[in-house]
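Here you go, one structure.
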Amino acid sequence: MDGSLTRIFDVITFQRLRYPNAGVMHFGTGQREMVYGIDALWADSGRCAYWLRAQNLQKGDYIFILAGAASFPWFVLDFGCQIAGVIPIIIPEYFPKEEIIHCIKSHSASYFFHDRDDIWDIIPESMQNSGINWVTIQDRELPGTISLESIVRATPRVDEVMLSQWCSAIKPEDTAFILKTSGSTGHPKSVCLSHQNILSNIQSVLPLTPLERHHRVVSFLPIAHIFERMVVYCYLTSGATIYFFNTFGDAFRALPEVKPHFFSCVPRILERMYDDLLARMHRFAWLRRIWIRLAIETGKRFGADIQKSPVYWLRWALIDFTVFRQWRRKIGGQVKGILVGAAPLNPVIGRVFSAARIRIREGYGMTETSPVISFNRFEAGGNRFGTAGIPIPGIKVRITGQDEAGNGSIEVSGPNVMKGYLEKEANDKVFTPDGWFITGDTGRLVHRRFLEITGRTAHAFKTSSGRFVLPDRISRILEEETLIDKSIIIGFQKPFVTALIYPNFTYLQWWCEKQKVHWTAAAYMVHNPKVISAYKKVIESRNFLLAGHEQVRQFTLLPIPWQEEELFTSLGKINPQLFFHKYAKEITGMYQNSNS
């Protein structure tokens, strides 16, 4: 094997030949920390491939993996399947029980790998005895299961010549794995991704990222996410040392010790960090509190797209030395970049963190595109807050059906686009006659080359007056105001647009202090006439940025922080049916008040 990158498992040999890392993977902390080298990963992946082949699993056969937190045996199984040519159907662990069962019933596979102690609470008894072999990925004492970790330990090391022969049978166009992805409607779809799909993304993204072999990186997102999966493959290719954690909380506590240079996250995590910073400010002395407020206001104007005076830079230098330096220390003091994906990021948060010299780089992609389509670059002039960045090399992006503002349907073509869905009937809906993939998102190109996502086609609706509205675009404009944390736009088959608003209660409390409005509790403040008047002025100022039919005519302030709203997922997305059922009274009231 010459170390060239044509199949995903080649990232291991690529690192072994160029800069072998004897401590490439770290799991856990303190005395429970386990460290594994790149040679151990290759050897155990070969043992796993040997065992899979010994079970009469042939190239192209399916297995199921219920994917949860990352572990060393998980990666051994991942690469072992690739070497053996076995295709894993990967089901995210957070799927509802009914969807997990549906996935199993929809495909024929003889092995099911998992890491759940409560697996028999999920799988019905009739399916437990259906001929499927149940295997835990890590060592667990569960009746009716065997452990992959113990199997690998008991399997002798595979000869390199034999491994090379197995690897040579795997072609770049072969399916590497199938990811189950939840859609807005119906059952999850099965996305087939080839080795070439994933490697094309790695080879396009890695040269644009200042990631080096001596860097330390942190990974804590679910490994079932294609975003985190591809990022980890990039880390392995670069030779960086990876520290894995099961949750963001575990990772955050370890950041000062690990001192990472890079990590990836979803917007909700940055929002939690930002909100936690604001909430803790109330414990500070009044002078320090004022200084941190000034730091945040300075951060909001950060970025090459906003002109700044010498006075601004002098103020920034003072704040960087006194405030921002402390922020950097909280996350280890060495962070060179945070890669953000999976959902849109509030540009205010991106600006504030970047002002603190914690560079936030937002990207855009989908499971079906392996995943990256575009992202903001690290070089000068390559970043625009509020956009999804520049399309990566090798990928073509076009906007079809554009309106007067340049908004239209985003379509993509390139080697990163999936082979297709296993559900053949679904492919006709997402590919154009000339072979372009229809993302289902709407957007436009701004500043000539930056892709701005304006909404999701499936989320667009018509008011009763027949005018199309993109609710995601309206929410993004509203949420640029510091008093608004989250907004839900209403208007389908209604005479006009309204909004349910989750206030930013930390900023609202500051506003009340400044305006000498007595603060009681959030549940009461959302009904305070002065507070409602303040939000009315905020909405009016935002409406100037919207077309007439998009403008918010009525709104309701909700009494809880959106992070405590059980209707949101970990990515900050809502279940529309449950949401409209819970807030039916408030929605009806907004339209009745307008008619009265």
Handout entry: Residue list, side-chain hydrogen bond (donor to acceptor under 3.5 Å, both in side chains) with R216, at least two apart or on another chain
Key =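 So R216 forms no side-chain hydrogen bond (donor to acceptor under 3.5 Å, both in side chains) with any residue.
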Handout entry: Ring centroid separation F302 to F324 under 6.0 Å
Key =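 No; F324 has its ring centre 6.0 Å or more from that of F302.
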Exercise for the section: Taking S147 for its side chain and E149 for its backbone only, find out whether a donor-acceptor pair lies under 3.5 Å. Expected result: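 Answer holds: yes.
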Handout entry: salt bridge (charged side-chain N to carboxylate O under 4.0 Å, His left out) partners of residues 223-245, not counting sequence neighbours, each pair once
Key =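 Qualifying pairs: D78-R229.
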Problem - Backbone N/O of V11 and side chain of T237: donor-acceptor pair under 3.5 Å - result: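 No; judged by distance alone, with no hydrogens or angles, the pair does not exist.
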Handout entry: Pairs satisfying ring pair (Phe, Tyr, Trp, His ring centres under 6.0 Å), at least one member in residues 131-151, at least two apart
Key =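 Non-adjacent pairs meeting ring pair (Phe, Tyr, Trp, His ring centres under 6.0 Å): F112-W134, W120-W134.
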Handout entry: Trace of the salt bridge (Lys or Arg N to Asp or Glu O under 4.0 Å) decision for K180 with E423
Key = CA-CA 11 Å; K180 285 290 185 176; E423 300 79 14; 3.7 Å; yes
Problem - Contacts of R328 that satisfy salt bridge (charged side-chain N to carboxylate O under 4.0 Å, His left out) - sequence neighbours left out - result: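 Only D320 meet the salt bridge (charged side-chain N to carboxylate O under 4.0 Å, His left out) criterion with R328.
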Problem - Under 3.5 Å donor-acceptor, N133 side chain and S110 backbone - result: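 Looks like yes, one N/O pair under 3.5 Å.
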Practice task
Indicate the atoms forming the closest heavy-atom contact of C265 with L221, along with that distance.
Solution key: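 Scanning both residues completely, I find the closest heavy atoms to be CA-CD1, 3.8 Å.
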Exercise for the section: For residues L206 and L208, determine if any side-chain heavy atom of one lies less than 4.5 Å from a side-chain heavy atom of the other. Expected result: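 Heavy-atom side-chain distance check fails, nothing below 4.5 Å.
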Exercise for the section: Apply side chain to side chain donor-acceptor pair (under 3.5 Å) to the pair H195 and Q82, showing each step before the final yes or no. Expected result: CA-CA 9 Å; H195 292 269; Q82 294 172 26; 4.5 Å; no
Show which side-chain atoms of residues 50-57 pair as donor or acceptor with protein atoms under 3.5 Å away, not counting sequence neighbours.
residue, atom, partner, partner atom, Å
Q55, OE1, Y111, OH, 3.2
Q55, NE2, W51, O, 3.1

Handout entry: Sub-4.5 Å side-chain heavy-atom contact between T181 and L179
Key =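 With C-beta onward as the side chain, the pair stays apart.
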Exercise for the section: Hey, could you give me the OG1/CG distance between T155 and D44, rounded to the nearest 0.5 Å? Expected result: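 T155 OG1 to D44 CG: 9.0 Å, rounded to 0.5 Å.
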Practice task
List the steps, then state whether ring pair (Phe, Tyr, Trp, His ring centres under 6.0 Å) holds for F244 with F75.
Solution key: CA-CA 12 Å; F244 291 93; F75 286 104; 5.3 Å; yes
Handout entry: Contact summary for I392 and N201, nearest pair of heavy atoms
Key =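 Between these two residues, the closest heavy atoms are CD1-ND2, 3.6 Å.
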Problem - Salt bridge R359-E379, side-chain N to carboxylate O under 4.0 Å - result: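 Between E379 and R359 there is no salt bridge, as every charged N stays at least 4.0 Å from the carboxylate O atoms.
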Handout entry: Spacing of CG belonging to L163 relative to OG belonging to S168, to within rounding of 0.5 Å
Key =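 Result: 10.5 Å between the selected atoms.
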Practice task
Answer yes or no: is there a donor N or O on one side and an acceptor on the other, between the side chain of S164 and the main chain of E160, under 3.5 Å?
Solution key: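 Side chain of S164 to backbone of E160: no pair is present.
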Practice task
Check V335, V217, L339 against F263 for a side-chain contact (heavy atoms from CB on, under 4.5 Å) and give me the one that passes.
Solution key: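 Considering V335, V217, L339, a side-chain contact (heavy atoms from CB on, under 4.5 Å) with F263 is found only for V335.
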Exercise for the section: Give the minimum heavy-atom separation between T369 and P371, together with the two atoms involved. Expected result: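 Nearest pair, atom of T369 first, then P371: OG1-O, 2.7 Å.
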Practice task
Determine the minimum heavy-atom distance between G350 and I360, stating which atoms define it.
Solution key: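 Distance-wise, the nearest heavy atoms are O-CG1, 4.2 Å.
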Distance-only donor-acceptor hits, side chain of residues 32-41, under 3.5 Å, sequence neighbours excluded:
residue, atom, partner, partner atom, Å
E33, OE2, H26, ND1, 2.7
D39, OD1, R16, NE, 2.9

Exercise for the section: Look at the side chain of S71 and the backbone N and O of W74, then say whether any donor-acceptor pair between them is shorter than 3.5 Å. Expected result: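 Yes.
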Practice task
Identify, with sequence neighbours excluded, every residue that meets side-chain hydrogen bond (donor to acceptor under 3.5 Å, both in side chains) alongside D117.
Solution key: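 With neighbours one apart ignored, the set is R140.
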Exercise for the section: With side-chain contact (heavy atoms from CB on, under 4.5 Å) as the test, would you mind laying out the steps for T209 and F375 before giving the verdict? Expected result: CA-CA 10 Å; T209 307; F375 87 102; 4.1 Å; yes
Practice task
Scan side-chain atoms only and decide if N21 and T241 contain a donor-acceptor pair under the 3.5 Å cut-off.
Solution key: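 Side chains of N21 and T241: pair found under 3.5 Å.
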Problem - Flag if over 12 foreign heavy atoms under 6.0 Å of NZ, K336 - result: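 Not buried by this count: 12 neighbours or fewer within 6.0 Å.
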Practice task
Only counting residues at least two apart or in another chain, list the ones meeting side-chain hydrogen bond (donor to acceptor under 3.5 Å, both in side chains) with E257.
Solution key: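 For E257 there are no side-chain hydrogen bond (donor to acceptor under 3.5 Å, both in side chains) partners, ignoring immediate neighbours.
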Practice task
Considering non-hydrogen atoms only, spot the tightest contact between G386 and P347 and give its length.
Solution key: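 Reported closest heavy-atom pair: N-CB, 3.8 Å.
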Handout entry: Close side-chain approach of P73 to Q138, heavy-atom, < 4.5 Å
Key =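 SC-SC contact between P73 and Q138 confirmed.
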Problem - Whether H107 side chain and I104 backbone form a donor-acceptor pair below 3.5 Å - result: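 Not a single qualifying donor-acceptor pair exists.
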Exercise for the section: Verify, without hydrogens or angle tests, whether K105 (side chain) and H102 (backbone) share a donor-acceptor contact under 3.5 angstrom. Expected result: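 Judged by distance alone, no pair lies under 3.5 Å.
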Handout entry: Distance flag, aromatic centroids of F437 and F431, threshold under 6.0 Å
Key =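 When the ring centroids of F431 and F437 are compared, they turn out to be within the sub-6.0 Å range.
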Exercise for the section: State, with a plain yes or no, whether a side-chain heavy atom of P267 is found less than 4.5 Å away from one of V340. Expected result: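 Of all side-chain heavy-atom pairs linking V340 with P267, at least one is under 4.5 Å.
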Practice task
Any pair with a residue in residues 57-70 that passes side chain to side chain donor-acceptor pair (under 3.5 Å), sequence neighbours left out, goes on the list, sorted by first then second residue, please.
Solution key: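 Listed once each, the pairs are K59-D174.
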Problem - Any donor-acceptor N/O pair, N246 side chain to F220 backbone, under 3.5 Å - result: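 Pair absent, no side-chain N/O of N246 close to backbone of F220.
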Practice task
May I ask you to decide if F385's main-chain N or O and R351's side chain share a donor-acceptor pair within less than 3.5 Å?
Solution key: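 Not confirmed, R351 side chain does not pair with F385 backbone.
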Problem - Non-hydrogen side-chain atoms of C192 and F177 separated by less than 4.5 Å - result: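 Contact flag for C192/F177 side chains = no.
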Exercise for the section: Ignoring hydrogens and angles, tell me if any N or O in the side chain of S238 forms a donor-acceptor pair with the backbone of A240 under 3.5 Å. Expected result: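 At least one qualifying donor-acceptor pair exists.
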Practice task
Fit a plane to each ring of F72 and F27, take the angle between them on a 0 to 90° scale, and name the class: parallel (under 30°), tilted (30 to 60°) or perpendicular (over 60°).
Solution key: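 Judged by the thresholds at 30° and 60°, the geometry between F72 and F27 is perpendicular.
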Handout entry: Y94-H225 aromatic ring centre distance below 6.0 Å
Key =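 They qualify: ring centres under 6.0 Å apart.
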Handout entry: Listed once per pair and sorted, the salt bridge (charged side-chain N to carboxylate O under 4.0 Å, His left out) pairs that draw on residues 360-373, sequence neighbours left out
Key =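 Salt bridge (charged side-chain N to carboxylate O under 4.0 Å, His left out) check on residues 360-373 returns no pairs.
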Exercise for the section: Can you tell me which residue pairs pass the salt bridge (charged side-chain N to carboxylate O under 4.0 Å, His left out) test with a partner in residues 191-210, sequence neighbours excluded? Expected result: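 Non-adjacent pairs meeting salt bridge (charged side-chain N to carboxylate O under 4.0 Å, His left out): zero.
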Exercise for the section: Using the six-membered ring wherever Trp is involved, compare the ring planes of F353 and W327 and label them parallel, tilted or perpendicular (cut-offs 30° and 60°). Expected result: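 Tilted: the ring planes of F353 and W327 meet at 30° to 60°.
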Problem - Test item: H114 and V135 side chains (from C-beta on) under 4.5 Å apart, heavy atoms - result: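 A side-chain contact is absent here, since even the closest heavy-atom pair is not under 4.5 Å.
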Practice task
Check whether any side-chain heavy atom of I453 lies under 4.5 Å from a side-chain heavy atom of I410, and answer yes or no.
Solution key: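 They are in contact (side-chain heavy atoms under 4.5 Å apart), so the answer is yes.
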Exercise for the section: Check the angle between the aromatic planes of W42 and F9 and answer parallel, tilted or perpendicular using the 30° and 60° thresholds. Expected result: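 Because their plane-to-plane angle lies in the 30° to 60° range, the rings of W42 and F9 count as tilted.
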Practice task
Output all residues satisfying side-chain hydrogen bond (donor to acceptor under 3.5 Å, both in side chains) with T247, sequence neighbours left out; order by chain, then residue number.
Solution key: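 Once residues adjacent in sequence are excluded, the partners of T247 under the side-chain hydrogen bond (donor to acceptor under 3.5 Å, both in side chains) criterion are D250.
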Problem - Test item: side-chain donor near acceptor, S194 and N197, under 3.5 Å - result: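 Judged by distance alone, the side chains do pair up.
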Exercise for the section: Find out whether S190 and Y421 are in side-chain contact, i.e. whether some heavy atom of one side chain is under 4.5 Å from a heavy atom of the other. Expected result: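 No, side chains not in contact.
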Exercise for the section: State whether the number of non-hydrogen atoms from other residues, nucleotides or ligands found under 6.0 Å of E141 atom CD is greater than 12. Expected result: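 At most 12 heavy atoms, drawn from other residues, nucleotides or ligands, come within 6.0 Å of this atom.
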Handout entry: Nearest non-hydrogen partners of I137 and L148, listed with the distance
Key =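 Distance-wise, the nearest heavy atoms are O-CB, 3.7 Å.
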